[in-house]
Amino acid sequence: MSSCILMTRVFVYGTLKKGQPNNYRMFDSSNGKAEFLASACTTQKYPLVIATKHNIPFLLNLPGQGNRVRGEIYKVDDKMLDFLDDFESCPTMYQRTPVKLEVEKWEGEIEGEEKPTVGSITEAFVYSTKTYQPDWPTLPCYGNYDSYGAHGLEYETRESRERSNRAE
């Protein structure tokens with residue numbers, strides 16, 4: 001009898017993307033298993049803003065506003081999904097909801113399925129929020145988050161925040 005591990009697709013658009021401060025968490029086996037599948041873009045526009053004194057990226061669950069948002073699709077096991085729910089403070093800060101995505105480049109393997117083509121539509125879960133400050137929808141919106149971007153709002157890592165709190 002073969003064991004079948006169900007994998008869930010998750011779309012990341014912020015600090016968990018390649019080249020960003022928290023991407024390493026996707027590959028820490030103590031958090032679970034994650035495999036990069038594709039780069040993609042939301043089919044609808046959403047406000048992707050950088051907020052709080054820690055410069056955290058938030059995807060506001062306001063479809064039709066903002067920009068189409070670029071990010072990455074990963075397939076994750078249940079352990080990683082639990083880790084991500086905890087990491088994203090789901091459901092209080094972020095809520096995990098399905099989102100439709102347009103594939104830009106598919107690299108991963110899908111067992112028993114044909115590889116999606118560029119421009120095809122797929123679905124994954126995204127961590128977006130309905131619980132935000134009233135002024136957040138008026139903040140600048142981004143289509144492609146980069147902690148080190150020209151906006152000058154570099155993300156403050158959790159480790160850095162904890163060190164600051166201990167020093168106070």
Donor-acceptor pair, side chain of Arg68 and main chain of Thr42, under 3.5 angstrom: yes

Between OH on residue Tyr13 and OH on residue Tyr142, distance to nearest 0.5 Å: 14.5 Å

Joint cluster assignment, Leu101 & Phe125, ILVMFWY side-chain distance < 4.5 Å: no

Residues in ring-ring contact (aromatic ring centres under 6.0 Å, His included) contact with Tyr132, at least two apart in sequence or another chain: none

Note: Arg70-Glu104 ion pair, threshold 4.0 Å (strictly below): yes

Any pair counted as side chain to side chain donor-acceptor pair (under 3.5 Å), so long as it reaches residues 25-35, sequence neighbours left out: Asn22-Arg25, Arg25-Glu159, Asp28-Ser30

Counterpart residues, salt bridge (charged side-chain N to carboxylate O under 4.0 Å, His left out), relative to Lys105 (two or more places apart): Glu107

Those residues that, when tested against Tyr127, pass side chain to side chain donor-acceptor pair (under 3.5 Å) (two or more places apart): Asp85

Mutual orientation of the aromatic rings belonging to Tyr74 and Phe36 [parallel < 30°, tilted 30-60°, perpendicular > 60°]: perpendicular

Qualifying residues under side chain to side chain donor-acceptor pair (under 3.5 Å), relative to His151, sequence neighbours excluded: none

Expected output: side-chain Ser89 to main-chain Thr92 donor-acceptor under 3.5 Å: no

Salt bridge (charged side-chain N to carboxylate O under 4.0 Å, His left out): pairs with one or both residues in residues 118-133, sequence neighbours excluded: Lys100-Glu123

Separation of Leu81 CG from Asp86 CG (nearest 0.5 Å): 11.5 Å

Donor-acceptor pair, side chain of Lys17 and main chain of Tyr145, under 3.5 angstrom: yes

